[in-house]
Amino acid sequence: MLPRRIPWLTFAAPRNFHALVQALAPWLVRGAVVLAIAGLYTGFFVAPPDYQQGNSYRILFIHVPTAWMGMFLYLLMAMYAVIHLVWRIKMADVMARCLAPTGALMTFVALWTGALWGAPTWGTFWVWDARLTSTLVLLFLYLGYMALRSAVDDREKGGRAASLLALVGVVNVPIIYFSVEWWHTLHQGMSVTLTSAPSMAPSMFTALLLMTGACWLYCAAVTLRRAQVDVLEREADTQWVRDVVQRREVNGVSRPGAAVADESAAVREEGRS
Amino acid sequence: MWDGVGDFIAMGGHGPYVWGSYGVFAALLIAEVLLLGRQRRRTRAMLVRRCRRQVAAQSHWGPES
Amino acid sequence: MTKRQKRLTLVVGVLAGLVIATALILNAFRDSMVFFVTPSEVMAMTELPERKFRIGGLVESGSVVRADDSAKVSFRVTDTARSVVVTYDGILPDLFREGQGVVAEGWIDTEGTFHADKVLARHDEEYMPAEAQAAIERAGHPPGAGQEY
């Protein structure tokens, strides 16, 4: 008997990855919508105004989750970049590439909402303090990564160069995170840390957690879908893609559920043989 | 907590900042989802075209053995 | 070593080198990356800076004096150990409050008075409803007292 495949490499196979996303993405989207509705309700109708800032603090419910996602997605991207550089696993490069646009979006929103929050509270849209500057650098790293990929015609070479950039830029993430502790910044310190109780009212913290969950699920759904499209394009000439397309043709595009069931059945069958 | 819709929109005088934040975030998410959807439809159409072309070629030349 | 091991060593090496280099650079620029200096640090300066700089701290309670006929205002910025008198002519941000954080940009004269041409409010990381804040004050722990600079 042949040794079983290492489980964590299962979804590095494009075919399995496609089936996984097909089954997972609708649930991620549903989860994101549910959490977002709960989070917005809690944030706007349960959480009271802040004793100092009044209602402008409600920007926090998107500012903080997007800032966290901006950093988190970069760490993920760098991790996939390492896997791509060392083990030359194609799927890792696909994942890194597909994380970048969403990471850039999240970072941009964090900067944008930060500016609109800073204007009424600090009295300025922007200052060049360590926290704000390093976050701007994060946005440029995402944009640089995407630009580098599209600038090099050779997909393989461009991917490797971009992975290296992603890897180099990862030192910026701890700088962003700890900047408010290492230096005097205009930006206040951390309200939420792993080691101590959050310094905000429970209803505010609940809204923040719900919105963070919604953001996380949204990012997962969008990046996985993007990677799925990328995989289909790359593998357009393989038999499994033709099978997927044909099955969809037979079942009809209007019934995606049937196609999903068929696909996962096919994958299970393949696993048995 | 809110004294009617007007009070909610006003956000204690910080309405433009709060809704400017949420509005831009929502617009960007919608834009990303729409762009991705367009890309998906394009790819699917491309794959279907290829598949049909191949099926047509096979029926013309007979099945590959 | 296999090719893969070589690549792994290379990647880890590059990353380690980068982290060390960044740490050294950040350490070297430690002082100039500071967005503001505290009143104690101002007092410890041996010569007055010629360029504009920023000082930060808390607005000392009861120190705010507003002019009757203009927008001129003066207040003391404290880090609880030392304090500096700041004068400012302009509109203060909403969150400018006694006992709250503030960052002022300007220059300091030989008398030790800081002439600000920009004042920014700095808020703490505490978020709570007004009722909770009132309860805390009744208990005798004003917010912001725990803020460190």
Side-chain angles (χ1 to χ4, degrees), chain A residues 29 32 36 40 43-50 53-63 65-66 98 101-102 105-106 108-110 112-121 125 215 218-219 221-223 225-226 228-233 235-237 241-246 248-249 253, chain B:
Chain A
V29 172
L40 289 172
F44 280 101
F45 298 103
V46 179
D50 178 62
Q53 303 180 30
N55 286 312
S56 65
Y57 93 94
R58 293 182 200 278
I59 296 173
L60 172 143
F61 302 130
I62 50 174
H63 174 73
T66 50
C98 294
T102 304
L105 189 152
M106 290 292 148
F108 174 80
V109 172
W112 174 263
T113 54
L116 286 184
W117 192 6
T121 45
F125 285 99
C215 268
Y218 169 85
C219 291
V222 170
T223 48
R225 276 292 190 208
R226 189 178 288 126
Q228 193 188 33
V229 173
D230 196 285
V231 162
L232 283 175
E233 266 174 33
E235 305 262 314
D237 291 321
V241 171
R242 265 181 237 131
D243 289 345
V244 166
V245 174
Q246 253 159 3
R248 212 187 291 274
E249 285 276 89
V253 190
Chain B
M1 183 183 338
W2 303 102
D3 194 16
V5 179
D7 187 40
F8 182 69
I9 301 290
M11 278 288 144
H14 291 131
Y17 302 107
V18 174
W19 301 124
S21 296
Y22 279 83
V24 167
F25 186 31
L28 285 174
L29 292 190
I30 291 168
E32 188 183 30
V33 169
L34 287 181
L35 278 174
L36 186 56
R38 200 178 67 174
Q39 185 65 35
R40 267 181 85 192
R41 280 192 300 278
R42 274 188 189 165
T43 303
R44 197 173 287 171
M46 181 269 283
L47 291 173
V48 168
R49 266 200 311 279
R50 276 196 193 202
C51 209
R52 283 199 185 130
R53 210 159 41 220
Q54 192 174 7
V55 170
Q58 275 176 2
S59 60
H60 189 261
W61 296 106
E64 287 170 303
S65 61

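Throughout, protein chains are lettered first and strands after them, A, B, ... in sequence-line order, and every chain is numbered starting at 1.
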S.K.: Please enumerate all residues that pass salt bridge (Lys or Arg N to Asp or Glu O under 4.0 Å) together with B/Asp3, with sequence neighbours excluded.
M.R.: none

S.K.: If you look at every heavy atom in A/Arg58 and B/Tyr22, which pair is closest and at what distance?
M.R.: O-OH, 2.7 Å

S.K.: Given that the side chain runs from C-beta out, which part of A/Cys219 has a heavy atom under 4.5 Å from chain B: side chain, backbone, both or neither?
M.R.: neither

S.K.: For B/Val24 and A/Phe108, work out which heavy atoms get closest and say how close.
M.R.: CG1-CE2, 4.5 Å

S.K.: Do we see a donor-acceptor contact under 3.5 Å between the side chains of A/Gln246 and B/Gln54?
M.R.: no

S.K.: Side chain from CB out, backbone as N, CA, C, O: work out which of these in A/Val241 comes under 4.5 Å of a heavy atom of chain B, or both, or neither.
M.R.: side chain

S.K.: Determine, for B/Glu32 against A/Arg225, whether the closest basic-nitrogen to carboxylate-oxygen distance falls under 4.0 angstrom.
M.R.: no

S.K.: Can you tell me which portion of B/Met11 sits under 4.5 Å from chain A's heavy atoms? Options are side chain, backbone, both or neither.
M.R.: both

S.K.: A/Thr66 versus chain B, heavy atoms under 4.5 Å apart: side chain, backbone, both or neither?
M.R.: side chain

S.K.: Enter the distance from B/Phe8:CZ to A/Asn55:CG here, rounded to the nearest 0.5 Å.
M.R.: 9.0 Å

S.K.: What distance separates B/Leu47 CG from A/Arg242 CZ, expressed to the nearest 0.5 Å?
M.R.: 10.5 Å

S.K.: Taking all atoms of both residues into account, what is the closest heavy-atom pair of B/Thr43 and A/Glu233, and its distance?
M.R.: OG1-OE2, 2.9 Å

S.K.: Report the relative orientation of the aromatic rings in A/Phe44 and B/Trp19; use parallel for angles under 30°, tilted for 30 to 60°, perpendicular for over 60°.
M.R.: parallel

S.K.: Please report the closest heavy-atom contact between B/Leu28 and A/Leu105, naming both atoms and the distance.
M.R.: O-CD1, 3.7 Å

S.K.: Check whether B/Arg50 gets within reach of chain A through its side chain, its backbone, both or neither, counting any heavy atom under 4.5 Å.
M.R.: side chain

S.K.: Taking all non-hydrogen atoms of both residues into account, name the closest pair between B/Gly20 and A/Trp112 and its distance.
M.R.: O-NE1, 3.2 Å

S.K.: Non-hydrogen atoms of chain B under 4.5 Å away: do they reach the side chain of A/Ala32, the backbone, both or neither?
M.R.: neither

S.K.: What are the two closest non-hydrogen atoms of B/Cys51 and A/Val245, and how far apart are they?
M.R.: CB-CG1, 3.9 Å

S.K.: Within the structure provided, determine whether B/Tyr17 and A/Pro120 are in side-chain contact (heavy-atom separation under 4.5 Å).
M.R.: yes

S.K.: Check step by step if side-chain contact (heavy atoms from CB on, under 4.5 Å) holds for B/Phe25 and A/Cys215.
M.R.: CA-CA 11 Å; B/Phe25 186 31; A/Cys215 268; 3.9 Å; yes

